[in-house]
Amino acid sequence: MGYDLVIFDNDGVLVDSEPLANTILAGYLSELGHPTSYDESLRDYMGGAVHRVHDLVLERTGQRLPEDFDEKLHSRTFEAFARELRPVPGVEEVLGALTAHGIAYCLASSGSHERIRVGHRAAGIDGWFEEEWIFSSQDVGRGKPAPDLFLHAADRMGVEPARCVVVEDSPLGVEAAVAAGMDVYGFTGMMPADRLAGAKACFGEMKDLIRLLGIEE
């Protein structure tokens with residue numbers, strides 16, 4: 001394989017959380033008087049940290065979201081995760097192949113550390129990730145589409161950016177990976193390939209990543 005480190009996005013790539021999270025976010029914003037459809041939530045917020053929601057609402061309406069917005073959003077999201085969250089089909093096969101070939105991997109997510117861990121436990125994939133392999137936008141000053149999070153992950157894992165490949169499913173994430181000087185494979189589980197411009201290649205089934213990385217038996 002031509003890379004020393006595979007960096008996974010989390011939501012929508014490792015765990016099938018985007019439909020749940022964006023349904024909840026759209027509903028909560030609408031309750032607060034900011035009508036938002038599910039598709040609009042995907043378009044505007046998928047792949048971004050929660051501060052992006054605050055920033056866009058303020059920019060568009062001149063109004064600030066309530067001080068307890070994050071707390072209530074996270075509570076509703078975590079409750080849904082506990083009931084319904086599943087791993088993305090094929091992801092454990094991919095992680096197993098990387099492990100079998102001795103290839104390092106980690107994750108870099110716009111979500112909080114708590115959200116990542118809650119989701120992994122609910123989906124049953126928490127055993128695949130050591131704590132030191134998990135990086136959140138909480139760890140850096142700027143989240144995606146800035147490159148900071150991916151550069152931070154590479155630095156902490158001891159790998160040069162040019163030797164990293166990122167697996168992303170959102171336009172913001174692809175933009176961040178490209179800005180970090182990393183190759184990126186776009187997973188089209190939620191977004192069509194034409195929304196992931198900049199990706200080296202796109203794929204629709206997670207197990208296909210094994211072939212793209214060149215680690216098939």
- Message: Run the ring-ring contact (aromatic ring centres under 6.0 Å, His included) test against Phe135 and tell me which residues pass, sequence neighbours left out.
- Response: His152

- Message: Could you work out, with ring-ring contact (aromatic ring centres under 6.0 Å, His included) as the rule, every residue matching Phe81, not counting sequence neighbours?
- Response: none

- Query: Hey, what else clusters with Leu172 if you join Ile, Leu, Val, Met, Phe, Trp, Tyr whenever side-chain heavy atoms sit under 4.5 Å?
  - Reply: none

As an exercise, state the distance from [atom1] of [X] to [atom2] of [Y], rounded to the nearest 0.5 Å.
X: Leu56; Y: His34; atom1: CG; atom2: NE2; answer: 12.0 Å
X: Arg117; Y: Ile134; atom1: CZ; atom2: CD1; answer: 3.5 Å
X: Tyr28; Y: Arg76; atom1: OH; atom2: CZ; answer: 5.5 Å
X: Ser109; Y: Ile116; atom1: OG; atom2: CD1; answer: 4.0 Å
X: His113; Y: Ser136; atom1: NE2; atom2: OG; answer: 4.5 Å
X: Leu29; Y: Thr36; atom1: CG; atom2: OG1; answer: 4.5 Å

For [Y], is there any backbone N or O sitting under 3.5 Å from a side-chain donor or acceptor partner on [X]?
X: Arg163; Y: Gly2; value: yes
X: Ser137; Y: Ser110; value: yes
X: Asn22; Y: Glu18; value: yes
X: Ser41; Y: Leu25; value: no
X: Ser75; Y: Glu71; value: no
X: Glu168; Y: Ala177; value: no

Sequence-distant partners of [X], side-chain hydrogen bond (donor to acceptor under 3.5 Å, both in side chains), two or more places apart:
X: Glu40; answer: Ser37
X: Glu175; answer: none
X: Arg83; answer: none

- Query: For Arg156, does the CZ atom have more than 12 heavy-atom neighbours from other residues, nucleotides or ligands under 6.0 Å away?
  - Reply: no

- Message: Are more than 12 heavy atoms, taken from residues, nucleotides or ligands other than Glu160, located less than 6.0 Å from that residue's CD atom?
- Response: no

Just so I know, are the side chains of [X] and [Y] near enough to count as touching, which here means a heavy-atom distance under 4.5 Å?
X: Asp208; Y: Tyr185; result: no
X: Leu32; Y: Pro66; result: yes
X: Ile210; Y: Leu98; result: no

- Message: Evaluate Val178 against Val184 for side-chain contact (heavy atoms from CB on, under 4.5 Å), listing each step before the verdict.
- Response: CA-CA 7 Å; Val178 171; Val184 54; 4.1 Å; yes

Provide the closest heavy-atom pair for [X] versus [Y] in the form atom of the first, atom of the second, distance.
X: Ala153; Y: Cys106; result: CB-SG, 4.3 Å
X: Leu5; Y: Ala154; result: CD2-CA, 4.3 Å
X: Phe150; Y: Ala180; result: CB-CB, 4.1 Å
X: Met182; Y: Val166; result: SD-CG2, 3.6 Å
X: Ala97; Y: Ile215; result: CB-CD1, 4.0 Å
X: Tyr45; Y: Arg52; result: CE2-O, 4.0 Å

- Taken in chain and number order and not counting sequence neighbours, the residues that satisfy salt bridge (Lys or Arg N to Asp or Glu O under 4.0 Å) with Glu205 are none

- Message: For Glu92 and Lys207: C-alpha separation, side-chain torsions, deciding distance, then whether salt bridge (Lys or Arg N to Asp or Glu O under 4.0 Å) applies.
- Response: CA-CA 9 Å; Glu92 291 183 275; Lys207 64 182 180 181; over 6 Å; no

- Message: For a side-chain contact (heavy atoms from CB on, under 4.5 Å) check, start with the C-alpha distance between Asp139 and Asp148, then their side-chain angles and the critical distance, and finish with the verdict.
- Response: CA-CA 9 Å; Asp139 304 330; Asp148 303 36; over 6 Å; no

Is [Y] reachable from [X] through a run of I, L, V, M, F, W or Y residues, each pair having side-chain heavy atoms under 4.5 Å apart?
X: Phe69; Y: Phe78; answer: no
X: Leu85; Y: Ile24; answer: no
X: Leu73; Y: Leu20; answer: no
X: Val165; Y: Leu209; answer: yes

- Show the numbers, then the answer: is there a salt bridge (Lys or Arg N to Asp or Glu O under 4.0 Å) between Arg121 and Asp126? CA-CA 5 Å; Arg121 286 195 296 268; Asp126 48 315; over 6 Å; no

For [X], side-chain contact (heavy atoms from CB on, under 4.5 Å) partners two or more places apart:
X: Arg64; result: Leu58
X: Asp70; result: Val50, His54, His74
X: Arg86; result: none

Show me the side-chain donor-acceptor pairs of residues 186-201 shorter than 3.5 Å, one per line, residues at least two apart or across chains.
unit_1	atom_1	unit_2	atom_2	d
Thr188	OG1	Phe203	O	3.1
Lys200	NZ	Tyr3	OH	3.1

- Item | Tyr105 and Trp128: CA distance, side-chain angles, deciding distance, side-chain contact (heavy atoms from CB on, under 4.5 Å) verdict | CA-CA 10 Å; Tyr105 64 86; Trp128 287 103; 3.6 Å; yes

Donor-acceptor contacts, no H, no angles, side chain residues 6-16, under 3.5 Å, sequence neighbours left out:
unit_1	atom_1	unit_2	atom_2	d
Asp9	OD1	Lys144	NZ	3.0
Asn10	OD1	His120	NE2	2.7
Asp11	OD1	Ser17	OG	2.4
Asp11	OD1	Arg115	NH2	3.3
Asp11	OD2	Arg115	NE	3.4

- Task: Report the C-alpha separation of Val118 and Glu114 in whole Å, then their side-chain angles, then the decisive distance to 0.1 Å, and conclude whether the side-chain contact (heavy atoms from CB on, under 4.5 Å) test is met.
- Result: CA-CA 6 Å; Val118 167; Glu114 182 184 13; 4.1 Å; yes

